[in-house]
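Only one structure is covered here, and it is reproduced in the block below.
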Protein chains: 2
Amino acid sequence: MKKGRITIKDIAKNLNISASTVSRALNNNPDISLETRRVVQEYANEHKYKPNSLALSLRNSHSNIIGVIVPELANHFFSSVLSGMETIAEDHDYHVIVCQSSEEYTKEIRNVQTLIEARVCGMLISQSKTTIKYDHFQELVDNNIPVVFFDRICTGIDSGKVVVDDYSGTFHAVDYMIQTGCKHIAFFGAAPHLEISKNRKNGYLDALRKHHMPIDEDIIRIADNKQLGYEKAMELLQSDNRPDAFMAMNDYTASGILLAAKTLKLKVPEEVSICGFSNSNISQDTDPMLTTVDQHPQKVGEEAMNLILEKVQNPDSTDKKNKIVKTSLVIRETTRPLVK
Amino acid sequence: MKKGRITIKDIAKNLNISASTVSRALNNNPDISLETRRVVQEYANEHKYKPNSLALSLRNSHSNIIGVIVPELANHFFSSVLSGMETIAEDHDYHVIVCQSSEEYTKEIRNVQTLIEARVCGMLISQSKTTIKYDHFQELVDNNIPVVFFDRICTGIDSGKVVVDDYSGTFHAVDYMIQTGCKHIAFFGAAPHLEISKNRKNGYLDALRKHHMPIDEDIIRIADNKQLGYEKAMELLQSDNRPDAFMAMNDYTASGILLAAKTLKLKVPEEVSICGFSNSNISQDTDPMLTTVDQHPQKVGEEAMNLILEKVQNPDSTDKKNKIVKTSLVIRETTRPLVK
DNA sequence: ATGAAAGCGCTAACAT
DNA sequence: ATGTTAGCGCTTTCAT
């Protein structure tokens, strides 16, 4: 065993035929006699020949590698999305290269450059929170590299998009809490320039409007982690303007709110209702267990990968089938039961 | 803009020099006049030339891609490991291709084949639970593809290994619970053929032995998820042989045990102590919050990637620097305080 | 039915 | 200081 793997040339030499015949035989080209095909394929199997996909890609000027950029790998949502992507890619014999931007704009730029150099044939991207310019994305378009954004999409760029239905996820959750008798519902969101924040806030506002409830800017706050959720909830729950329900940006924030309510000996959900977002694994382990909105991250990943593969395999098609993945409300114990 | 990206040839043609000069200029070869270098590099920058790593890899018969196989991407431990790997790889200009085996032996075999075809220059693997034979791993060794196993290592194969110190993690946790006054400690483990199960059980047993405590096979059970943790704990806690502490295989199991204790109105930690394993995100959201063993998954990933890169860049070195990543006990609320 | 040659993008040995 | 050539592994005209 010399320097690794056996090539077509090796087979050709050992069988005393030409490389092109071997290539054709391996690809079951009908020009080649059945006998030759059999011999070649047998030899290849025996010696565990594997085509060199690097060479193949180079020749076809088309790799079978999809690049994925996520803000954070160690995150339940994104790792589930990635799982969905990998599943679909595997089915289609594509590979997935992953990069994480760590929520840093400059790292994201480097990620994009890296993936261009890696000659990926398409990219799946979820923007970092700190991304402020889109030149690096535009470069992809200019280079004819198909892109699909998912979840944290980039609206400034001509590309495919897969989003979670944040608007209606939030709308339904808030609507539900109103129907269970909540009168004064707070909203804890994230940085307002993100699409996702806007959409969720709009869902919240429209649910209030639907029921002709007043909008109180004082109980609309920015808090998107446990610590902030806890702090802002402590503040509000001890104020004169005490909410009887919270719609949170994610489950961590919700868990912080829950902690605040418990610290203040307020009963959940009797005195305070709480709804999270994500249906992450923590939501079944809080006490009481969190009501939350499931985003079906696996599905997001599958849709995104399907979209990009379509684009990759059919570069001329101009139809942008953007996908919206429906959310579903998972009712557990931090909200009251529905009473008609 | 024709079919995508600019090549060295294009630059050469437009600048009326040869391709090799361009190549050398781009690599800052001192043979090339400063002036030529400047001109070439300027042109390259302006036209956003990016080297084609496919071509490079082919030429060097050495890709800069590391293949990673994990049992499950949507898992806090493995996604954190992956995050650590990506960070190190990025620093060294290597790419990471991920595959998941979904805990299926046959899928794992396919993953290995896929990654061989992708011409990865090294692999990082954590075995699936159902893997029973090692032929597919052996094939890697035969092909001179360096491998490093992490966490769920394969002892039958000559390779690098990075493991969590399961033995001493469990030992210290149990030792700690004994020191806080626990007298009858149950152990909830996973499938006994896994290295990781054996090691943790040994840590448990040795901690008991250290304190000359009897070993009771009746309270050593198999349970490695929330449901099973709940069921087995319900059973034991209602039996005559009631434990006053539990050492669990992971935080989910611990959370099931906690649920059982709460269901039976037993006080945690006064009447029942519980220790999980992983320090996963749920451990801060249970009530009371879980005492657990942090495995430092990010670190596991970093060490594994460092090891494989060393091997890749220095294939002849035979030193197998296996790494053991130390665990640390994270004391929260499901165990009693230490009293001297 | 098979072989020879060229080329995907890049670089290194070998000219000049 | 720069150019020419060959080759990494593969496929695909274009012969024969």
Side-chain angles (χ1 to χ4, degrees), chain A residues 2-41 43-44 47-65 93 116-121 143-144, chain B residues 2-41 43-44 47-65 93 116-121 143-144:
Chain A
K2 255 214 317 250
K3 50 176 308 214
R5 290 139 256 185
I6 188 182
T7 74
I8 282 194
K9 252 191 188 166
D10 298 328
I11 302 184
K13 212 170 296 169
N14 281 301
L15 259 38
N16 267 317
I17 50 178
S18 80
S20 29
T21 304
V22 174
S23 170
R24 283 188 274 244
L26 289 171
N27 291 311
N28 253 315
N29 186 322
D31 284 350
I32 304 297
S33 76
L34 274 171
E35 173 61 8
T36 311
R37 274 190 258 171
R38 200 187 51 70
V39 173
V40 170
Q41 291 176 8
Y43 187 96
H47 294 74
K48 314 215 179 195
Y49 166 79
K50 304 256 162 42
N52 184 331
S53 66
L54 258 30
L56 261 168
S57 298
L58 184 59
R59 176 153 222 293
N60 304 330
S61 345
H62 168 50
S63 77
N64 58 341
I65 307 176
D93 283 318
I116 294 181
E117 285 183 36
R119 249 49 182 187
V120 299
C121 59
N143 275 304
N144 283 320
Chain B
K2 257 215 316 246
K3 48 176 311 211
R5 293 139 254 185
I6 187 182
T7 73
I8 282 195
K9 254 191 188 165
D10 297 329
I11 302 183
K13 211 170 294 170
N14 281 300
L15 259 38
N16 267 317
I17 50 179
S18 80
S20 34
T21 304
V22 175
S23 170
R24 285 187 273 244
L26 289 171
N27 292 311
N28 253 315
N29 186 321
D31 285 350
I32 304 296
S33 76
L34 274 171
E35 173 60 9
T36 310
R37 275 190 256 171
R38 201 187 49 71
V39 173
V40 170
Q41 291 176 7
Y43 187 95
H47 294 74
K48 314 216 179 194
Y49 166 80
K50 304 256 162 40
N52 184 333
S53 67
L54 258 31
L56 260 168
S57 299
L58 184 59
R59 175 154 223 292
N60 305 329
S61 346
H62 168 54
S63 77
N64 58 341
I65 307 176
D93 283 319
I116 295 181
E117 284 182 38
R119 250 44 183 191
V120 299
C121 58
N143 276 303
N144 283 321

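Everything numeric here is computed off the predicted structure, so don't read it as measured data.
The distance between atom CG of B:Asn29 and atom P of D:dT2, rounded to the nearest whole Å, is 11 Å. Between B:Asn52 atom CG and D:dC8 atom P there is a gap of 18 Å when expressed in whole angstrom units.
Under 4.0 angstrom from either OP1 or OP2 of D:dG9 there lies no side-chain N or O belonging to A:Thr7. Contact annotation: B:Ser20 side-chain N/O to D:dG3 OP1/OP2 distance is not under 4.0 Å. OP1 or OP2 of C:dT2 lies within a sub-4.0 Å distance of a side-chain N or O belonging to A:Ser33. Applying the 4.0 Å criterion to OP1 and OP2 of C:dG3, one finds that A:Thr21 has a side-chain N or O inside that range. Applying the 4.0 Å criterion to OP1 and OP2 of D:dC8, one finds that A:Lys9 has a side-chain N or O inside that range. For the pair B:Ser23 and C:dA12, the criterion of a side-chain N or O lying under 4.0 Å from OP1 or OP2 is not met. Residue B:Asn60 places none of its side-chain N or O atoms closer than 4.0 Å to OP1 or OP2 of D:dC8.
Contact annotation for A:Ser57: no contact, since no heavy-atom pair falls under 4.0 Å across all strands.
Between the side chain of A:Asn52 and the backbone N or O of A:Thr7, no donor-acceptor pair lies under 3.5 Å. Under a 3.5 Å cut-off, the side chain of A:Ser53 and the backbone N or O of B:Glu117 do form a donor-acceptor pair.
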